[in-house]
J.: 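Attaching a single structure in structure tokens format; questions to follow.
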Amino acid sequence: MANDARTVDYRALLLEERASLESQLAELGYGEVGRLNYDSNFADTSQVTAERGETEALARELSDALADVERALGKLQDGQYGRCERCGKEIAPARLEAMPAVKTCIACASAQR
Ligand SMILES: [Zn+2]
């Protein structure tokens with residue numbers, strides 16, 4: 001039972017995000033992405049037409065996002081969720097709510113630019 005009203009179900013958010021990414025990938029023709037091995041799938045396709053290249057780029061973006069979601073789910077299980085991967089501090093809940101798969105805190109994200 002969640003007694004804290006402010007507790008956000010990040011797992012549900014992540015699962016929702018994952019389902020959405022998976023269906024987008026499926027629409028692009030990259031279905032069956034339960035365990036997508038996107039590195040080998042996408043890395044060796046240098047000879048693609050421009051149109052296909054765009055699809056590849058989009059699929060790669062979606063796959064990267066999907067990988068982030070998977071990582072975040074793994075961290076939830078390990079109790080490491082919500083920590084910035086750069087500085088190790090806790091990421092603001094509002095940021096996690098907006099982007100449940102985010103890997104860095106606001107300070108580190110803005111320092112990256
Ligand atoms: Zn940080």
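Along the sequence shown, residues are numbered consecutively beginning with 1. Just so you know, these numbers use all the heavy atoms, side chains as well, and skip hydrogens, waters and symmetry mates. Both counts, for ligands and for their atoms, begin at 1 and track the order of listing.
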J.: Using a strict cut-off of 2.8 Å, how many protein N/O/S atoms surround the Zn ion (ligand 1)?
T.: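 Atoms of protein N, O or S type lying less than 2.8 Å from the Zn ion (ligand 1) total 4.
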J.: Are side-chain heavy atoms of L96 and V102 found at a separation under 4.5 Å?
T.: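 Yes, close enough: below the 4.5 Å cut-off.
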J.: Looking at side-chain heavy atoms only, is the closest gap between E56 and Y30 below 4.5 Å?
T.: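 Yes, their side chains come closer than 4.5 Å.
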J.: Among L14, D9, V8, whose side-chain contact (heavy atoms from CB on, under 4.5 Å) with R11 holds?
T.: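 The option that passes is D9.
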J.: List the residues meeting side chain to side chain contact (heavy atoms under 4.5 Å, CB included) with I106, not counting sequence neighbours, and say none if there are none.
T.: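 Listed in chain order: R95.
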J.: Once rounded to the nearest 0.5 Å, what's the spacing between atom CE of M99 and atom CD of E17?
T.: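 Rounded to the nearest 0.5 Å, the CE-CD separation comes to 10.5 Å.
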J.: Within the supplied structure, the quantity of interest is the number of heavy atoms (other residues, nucleotides, ligands) at a distance under 6.0 Å from E85 CD; does it exceed 12?
T.: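 Yes, the 6.0 Å shell around CD holds more than 12 heavy atoms from other groups.
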